[in-house]
J.: 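One structure, as structure tokens, below. Some questions next.
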Amino acid sequence: MRQDIVRNKQVLSIEECKAILDRNIHGVIGLNGDDGYIYTVPVSFVRHGDKIFFHGRPKGYKSESFKRTSKTSFCVVDQSFVVPSLRANDFRSVIVWGHLKKLRPKKKKSKHYEPWLKNFVSGFLTMKTRFSLRSNM
């Protein structure tokens with residue numbers, strides 16, 4: 001699945017990795033594409049406990065690639081800058097390996113939407129209680 005990091009001075013603690021995941025909202029997921037090619041695509045995500053949740057459409061190339069295998073890797077780059085004296089880039093990132101699982105029953109989904117809403121529409125729930133939202137439809 002993975003190899004040990006060669007530059008072990010760059011290894012982050014589990015707490016640091018979780019903090020990076022918590023302060024970011026997008027990353028790149030690797031899936032099994034056509035003809036053995038790896039398909040990587042940026043996705044929005046939220047971490048809740050020891051799980052990472054992605055949101056996506058049920059149809060399309062990403063969904064088709066997901067059906068081939070549940071094995072995946074996911075990368076979030078927290079920061080990156082060039083170090084001219086070393087002629088290198090300094091990345092602070094997290095790579096996660098795991099298995100994808102599609103959430104199907106609506107009851108199961110509902111408990112997972114709360115962290116998603118907090119991350120992506122924070123303020124909306126409090127705004128809703130302060131304002132009367134009207135529709136002309």
Side-chain angles (χ1 to χ4, degrees):
M1 178 169 66
R2 70 174 187 88
Q3 296 181 7
D4 290 332
I5 295 175
V6 175
R7 298 179 179 176
N8 57 11
K9 290 180 184 178
Q10 297 175 339
V11 174
L12 303 173
S13 70
I14 296 295
E15 292 76 25
E16 289 173 303
C17 291
K18 288 179 179 181
I20 288 172
L21 293 171
D22 290 343
R23 71 175 160 255
N24 287 279
I25 60 170
H26 64 274
V28 177
I29 192 166
L31 300 166
N32 188 359
D34 291 337
D35 300 322
Y37 284 94
I38 303 301
Y39 173 59
T40 57
V41 62
V43 291
S44 299
F45 76 98
V46 65
R47 184 185 75 86
H48 184 61
D50 288 336
K51 295 182 180 176
I52 297 174
F53 295 91
F54 305 98
H55 184 269
R57 299 183 55 80
K59 293 183 180 179
Y61 190 60
K62 185 170 39 176
S63 183
E64 290 172 23
S65 297
F66 162 68
K67 291 175 186 174
R68 290 187 182 101
T69 179
S70 68
K71 294 178 183 178
T72 190
S73 65
F74 177 63
C75 178
V76 174
V77 178
D78 191 43
Q79 68 182 21
S80 168
F81 54 91
V82 176
V83 183
S85 62
L86 298 176
R87 288 177 275 147
N89 289 334
D90 188 355
F91 291 100
R92 185 174 176 91
S93 62
V94 173
I95 300 175
V96 179
W97 288 269
H99 293 269
L100 295 169
K101 180 180 174 185
K102 186 174 184 176
L103 296 176
R104 292 194 176 141
K106 290 187 179 192
K107 284 185 178 182
K108 267 189 173 181
K109 282 185 181 180
S110 63
K111 70 179 180 180
H112 302 298
Y113 281 136
E114 188 175 334
W116 190 266
L117 288 172
K118 283 180 184 178
N119 209 26
F120 288 96
V121 290
S122 63
F124 175 76
L125 297 176
T126 56
M127 283 176 28
K128 189 174 177 183
T129 58
R130 283 190 241 151
F131 301 106
S132 174
L133 300 177
R134 295 183 187 176
S135 173
N136 292 332
M137 294 182 189

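The first residue of the sequence shown is numbered 1, and numbering continues consecutively from there. Source: prediction; values computed, not measured.
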J.: Quick one: do V46 and V28 end up in the same hydrophobic cluster if we chain Ile, Leu, Val, Met, Phe, Trp and Tyr together by side-chain heavy atoms under 4.5 Å apart?
T.: no
J.: Check E64 with K59, please: is the shortest side-chain N to carboxylate O separation under 4.0 Å?
T.: no
J.: Would you list the pairs meeting salt bridge (charged side-chain N to carboxylate O under 4.0 Å, His left out) in which at least one residue belongs to residues 23-39, sequence neighbours left out?
T.: R23-D78, D34-R68
J.: For the residue pair Y39 and K62, establish whether any side-chain heavy-atom pair is separated by less than 4.5 Å.
T.: yes
J.: How many angstroms lie between atom CG of L31 and atom CZ of F66, to the nearest 0.5 angstrom?
T.: 9.0 Å
J.: A side-chain contact here means heavy atoms from C-beta on lying under 4.5 Å apart; do I38 and N32 qualify?
T.: no
J.: Which residues end up grouped with F81 if you chain together Ile, Leu, Val, Met, Phe, Trp and Tyr wherever their side-chain heavy atoms are less than 4.5 Å apart?
T.: V83, L86
J.: For S70, which residues count as a side chain to side chain donor-acceptor pair (under 3.5 Å) partner, sequence neighbours excluded?
T.: H99
J.: Can you tell if the side chain of T40 reaches within under 4.5 Å of the side chain of I29, non-hydrogen atoms only?
T.: no
J.: For a quick test of reading the model, state the closest non-hydrogen atom pair linking C17 to L12 and the distance between them.
T.: SG-CB, 3.9 Å
J.: Going through the distances and angles, do V41 and Y61 end up as a side chain to side chain contact (heavy atoms under 4.5 Å, CB included)?
T.: CA-CA 10 Å; V41 62; Y61 190 60; over 6 Å; no
J.: Measuring from F53:CZ to H48:NE2, what's the distance to the nearest 0.5 Å?
T.: 6.5 Å
J.: Identify the heavy atoms of G33 and S65 that sit nearest to each other, and give their distance.
T.: CA-OG, 4.0 Å
J.: Roughly how far, to the nearest 0.5 Å, is OG1 of T72 from CG of L100?
T.: 4.5 Å
J.: With side chains defined as the heavy atoms from C-beta onward, is the minimum distance between V94 and F74 less than 4.5 Å?
T.: no
J.: Do you know which two heavy atoms are closest between F54 and V43, and how far apart they sit?
T.: CD2-CG2, 3.5 Å
